[in-house]
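See structure below.
FYI, the numbering just counts along the sequence from 1.
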Amino acid sequence: MNFGLIGLLTISVLAGAIIWIRYHRLKQFVARLADDLRFQVEQRQPLEILSVPERAVPLYLAIKSLLRQLPSNIGRDPLTGLPNRQWFKRAITPLMPVTRGTLVMLDIDRFRLVNDLFGFSTGDELLQGYAARLRQSLSQPRLVARMDGDEFILFYEQSLAIEALKGLQLELQQPYLVDKTPIGIKVRVGYLQLEAHHADISLMLKRVDLAVKKAHDSRNGIAGYETGDDSLHLREMQIIHGLPKALHNNQLYLVYQPKESLHSGKCKQVEALLRWEHPQLGIVPPAEFIPLAECAGMISLVSHWVLEKVLLQQQQWRANGVEIRVAVNLAGSDFEQDIVTCIEQKLQQYQLPGDALALEITEGVLIANTGGTRDKLQQLRQMGIEVAIDDFGTGHSSLAYLKDLPVDEIKIDKAFVDDLLLDCRAEYIMQSTINLAHHLGFRVTVEGVENSSQREALKKMGADLLQGQLFAHPMRAAELVYHSHRLSLGNGLPLTHAIS
């Protein structure tokens with residue numbers, strides 16, 4: 001045997017093995033480098049690879065130096081450290097078309113209350129803790145980003161079942177400890193199943209945004225995009241864009257629903273309710289367009305229009321000897337402005353006293369900014385304007401604030417009337433609420449009274465005023481005047497000449 005030949009073969013095999021090992025190590029390094037660079041785009045952590053092939057060291061050091069020189073906030077949300085909206089769009093673009101997986105949008109319900117009650121620094125800390133939970137979540141998404149404010153977007157490469165979404169929601173809703181204070185939140189979850197509803201990036205984001213809006217109205221706070229939701233969105237846009245023009249062209253109008261006094265049997269106050277006949281959409285209910293106006297920042301425009309129409313009507317009624325108070329609903333954003341000066345100027349413009357008006361506000365308005373709201377309510381009451389808490393018991397628990405609020409009346413929502421004669425618990429709640437209000441010095445109006453049995457039960461419980469179909473339905477000013485004698489309206493004077 002030729003030992004020289006064997007030696008050459010051995011050397012060749014060893015050389016080949018060394019080359020293969022070096023190639024394999026280089027291949028592993030390149031794969032690791034690619035993964036780390038991808039992670040850099042998503043998380044911007046320092047580049048650290050412990051085992052670097054000798055020939056790749058110059059490349060590794062050059063890339064590491066380049067990363068250190070890049071601004072740290074490119075595509076990064078400075079508060080949470082998560083990627084931002086722009087980064088998310090850039091990151092998902094190379095993956096298009098995305099035809100599998102789930103797009104999820106998360107929204108913290110009423111997050112603004114956290115800032116109002118605890119301060120912005122507490123709100124910031126809560127968001128940071130929230131983002132940390134998203135990073136550590138058991139169901140890790142491929143992409144996660146903070147879209148805006150309290151909205152976060154997640155992309156999962158696999159389709160998520162509703163149970164997985166519930167688990168994520170439950171995980172994020174566990175109380176957050178900020179400055180030793182536990183803060184609980186509710187998370188709304190909107191999702192888009194991409195296999196059925198994939199599209200371009202903008203449309204997918206619009207669809208998952210529609211889903212999270214639906215989640216705000218769902219019982220469990222979770223909702224998915226469904227075929228047809230786009231048409232609903234188009235209707236909402238048509239309503240929002242058409243509202244200013246509708247106000248200007250008087251497509252909207254007011255109806256007035258009387259309140260019956262259980263003590264005198266007369267009606268000395270009516271509530272102004274808004275109606276809209278849209279030329280294309282037909283009747284648009286207030287429950288639909290009022291929330292949209294609030295979201296679009298147009299609610300003050302609506303409130304000013306209502307105040308103008310009510311005071312103009314009051315000017316005409318009082319000129320004919322009719323003295324009746326008209327209640328107007330105001331939104332929370334109205335109290336963020338100088339509502340006191342606005343109303344004072346309008347009363348002077350129409351030469352009316354404060355007792356021409358009553359204002360109805362919800363519990364949420366009181367909770368959002370208790371101090372500022374209290375001051376403004378006090379000034380309004382000093383002008384002779386009465387104040388009522390509308391839909392009492394259906395919003396935030398405001399019992400702790402009631403004793404300090406300058407309020408004349410609470411209005412108990414129809415929800416507490418429906419089962420009044422069928423459920424003893426509903427009866428106990430109603431009786432307790434009426435007693436509580438009276439001990440605090442407030443009148444009680446009960447809404448949604450539809451039959452005489454309910455009326456008699458509420459009269460025995462001590463309710464002061466009733467509002468509902470039994471006594472009178474909402475009606476135009478002229479119809480109200482027509483039924484004035486039956487309703488014992490105002491001061492009892494004939495209203496024949498007070499028709500507007």
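- The heavy-atom pair separating Lys346 from Leu311 by the smallest distance is CB-CD1, 3.5 Å.
- Going from atom CG of Leu106 over to atom CG of Asp150 covers 10.0 Å, rounded to the nearest 0.5 Å.
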Side chain to side chain contact (heavy atoms under 4.5 Å, CB included) between Asp464 and His438: does it pass, once the steps are laid out?
-> CA-CA 10 Å; Asp464 302 294; His438 284 164; 2.9 Å; yes
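- For the residue pair Glu236 and His241, no side-chain donor N or O sits within less than 3.5 Å of a side-chain acceptor on the partner.
- Counting heavy atoms from C-beta outward, Pro285 and Trp276 have side chains that stay 4.5 Å or more apart.
- Proximity of a side-chain donor or acceptor of Ser432 to a complementary backbone N or O of Tyr428 within less than 3.5 Å is detected.
- No more than 12 heavy-atom neighbours from other residues, nucleotides or ligands sit within 6.0 angstrom of NZ on Lys206.
- A cation-pi arrangement is absent between Arg476 and Tyr256, since the terminal nitrogen or guanidinium carbon is not both under 6.0 Å from the aromatic centre and inside a 45° cone about the axis.
- Formation of a donor-acceptor pair under 3.5 Å by the Ser218 side chain with backbone atoms of Ala215 is found in this model.
- Here the closest heavy-atom approach between residue Glu479 and residue Met475 is recorded as OE1-CB, 3.1 Å.
- Here the options are Thr445, Val449, Val417, the test is side-chain contact (heavy atoms from CB on, under 4.5 Å), and the partner is Leu466; only Val449 passes.
- Residues Thr433 and Ile410 are in side-chain contact: their nearest non-hydrogen atoms beyond the backbone lie under 4.5 Å apart.
- Counting only heavy atoms from C-beta outward, the side chains of Val444 and Leu465 never approach each other to under 4.5 Å.
- Of the candidates Asp109, Asp217, Asp107, Asp109 is the only one forming a salt bridge (charged side-chain N to carboxylate O under 4.0 Å, His left out) with Arg188.
- No side-chain donor-acceptor contact under 3.5 Å links Asn320 to the backbone of Val322.
- Under the 3.5 Å distance criterion, with hydrogens and angles disregarded, no donor-acceptor pair is assigned to the side chains of Ser303 and Ser300.
- We find the SG-CD1 distance between Cys342 and Ile339 to be 5.0 Å, quoted to the nearest 0.5 Å.
- Between the side chain of Asp419 and the main chain of Leu422, no donor-acceptor pair closer than 3.5 Å is present.
- A donor atom on one side chain and an acceptor atom on the other are found under 3.5 Å apart for Glu271 and Asn329.
- For the residue pair Gln140 and Tyr156, no side-chain donor N or O sits within less than 3.5 Å of a side-chain acceptor on the partner.
- Between Tyr130 and Tyr176, the two ring planes are tilted [angle within 30° to 60°].
- Residues Val306 and Leu274 form a side-chain contact, since some pair of their non-hydrogen atoms from C-beta on lies under 4.5 Å apart.
- The residues Arg443 and Glu386 are annotated as salt-bridged, a charged nitrogen and a carboxylate oxygen being separated by less than 4.0 angstrom.
- Between Thr80 and Gln128, the side chains place no donor N or O within less than 3.5 Å of an acceptor N or O (distance only, hydrogens not considered).
- Side chain of Gln251 to main chain of Leu247: no donor-acceptor pair is present (N/O by atom type, distance under 3.5 Å, no hydrogens or angles).
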Residues Val104, Val189; criterion side chain to side chain contact (heavy atoms under 4.5 Å, CB included); working and verdict | CA-CA 7 Å; Val104 178; Val189 181; 3.8 Å; yes
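- Between the side chain of Gln193 and the backbone N or O of Leu160 there is at least one donor-acceptor pair closer than 3.5 Å.
- At a threshold of 4.0 Å, the pair Asp148-Arg85 does not count as salt-bridged, since none of the basic side-chain nitrogens sits closer than that to a carboxylate oxygen.
- For Gln351, the CD atom is loosely surrounded, since the number of other residues' heavy atoms within 6.0 Å does not exceed 12.
- Counting heavy atoms from C-beta outward, Met237 and Leu234 have side chains that stay 4.5 Å or more apart.
- Side-chain N/O atoms of His304 and Asp334 include no donor and acceptor closer than 3.5 Å.
- Distance check: Leu210 CG to Met105 CE gives 9.5 Å after rounding to the nearest 0.5 Å.
- For the atom pair Met461 CE and Leu262 CG, the distance stands at 12.0 Å (nearest 0.5 Å).
- Checking Gln431 against Asn435 by side-chain atom types alone, a donor-acceptor pair falls below 3.5 Å.
- In this structure, Phe392 has its ring center no closer than 6.0 Å to that of Phe416.
- The only option from Leu103, Leu192, Asp229 that meets the side-chain contact (heavy atoms from CB on, under 4.5 Å) definition with Arg207 turns out to be Leu192.
- Partners of Glu427 by salt bridge (Lys or Arg N to Asp or Glu O under 4.0 Å), not counting sequence neighbours: none found.
- Gln169 and Lys186 are not linked by any side-chain donor-acceptor pair at a separation below 3.5 angstrom, with hydrogens and angles left out of the test.
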Tell me, with the steps shown, if Asn220 and Lys166 meet side chain to side chain contact (heavy atoms under 4.5 Å, CB included).
-> CA-CA 9 Å; Asn220 64 357; Lys166 288 180 179 178; 4.0 Å; yes
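- Across Pro291 and Glu288, no two heavy atoms sit closer than the pair CD-O, 3.6 Å.
- From Thr102, atom OG1 reaches atom OH of Tyr191 across 9.0 Å, with rounding to the nearest 0.5 Å.
- Judged purely by atom type and a 3.5 angstrom limit, Arg325 has no side-chain atom pairing as donor or acceptor with the backbone of Gln269.
- Gln257 contributes a side-chain N or O that, together with a main-chain N or O of Ala472, makes up a donor-acceptor pair within less than 3.5 Å.
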Before giving the answer on salt bridge (Lys or Arg N to Asp or Glu O under 4.0 Å), spell out for Glu447 and Lys414 the whole-Å C-alpha distance, their side-chain angles and the decisive distance to 0.1 Å.
-> CA-CA 5 Å; Glu447 298 180 285; Lys414 180 182 184 295; over 6 Å; no
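- No salt bridge links Arg146 with Glu151; every basic N to acidic carboxylate O contact stays at or beyond 4.0 Å.
- Counting only N and O atoms by type, the side chains of Thr362 and Asp391 include no donor and acceptor under 3.5 Å apart.
- The pair Arg318-Asp355 meets the salt-bridge criterion, with a side-chain N (NZ, NE, NH1 or NH2) lying under 4.0 Å from an Asp/Glu carboxylate O.
- Between Lys259 and Glu409 there is a salt bridge, since a side-chain N of the basic residue sits under 4.0 Å from a carboxylate O of the acidic one.
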Given side-chain hydrogen bond (donor to acceptor under 3.5 Å, both in side chains), test Lys411 with Gln467 step by step and report yes or no.
-> CA-CA 9 Å; Lys411 298 186 68 178; Gln467 191 173 1; 2.9 Å; yes
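- Across all their heavy atoms, Val328 and Leu307 have their closest contact at CG1-CD2, 4.3 Å.
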CA sep, side-chain torsions, deciding dist, call: Leu113, Arg110, side chain to side chain contact (heavy atoms under 4.5 Å, CB included) = CA-CA 6 Å; Leu113 291 179; Arg110 301 181 185 275; 3.9 Å; yes
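- Of all non-hydrogen atoms in Pro182 and Pro175, the two that sit nearest each other are CB-CB, 4.4 Å.
- Heavy atoms of other residues, nucleotides or ligands lying less than 6.0 angstrom from CZ of Arg486 number more than 12.
- Minimum interatomic distance between Ala272 and Val310 (heavy atoms only, all atoms of both residues): CB-CG2, 3.8 Å.
- Once rounded to the nearest 0.5 Å, the distance linking CG of Leu172 with CD1 of Ile108 reads 8.5 Å.
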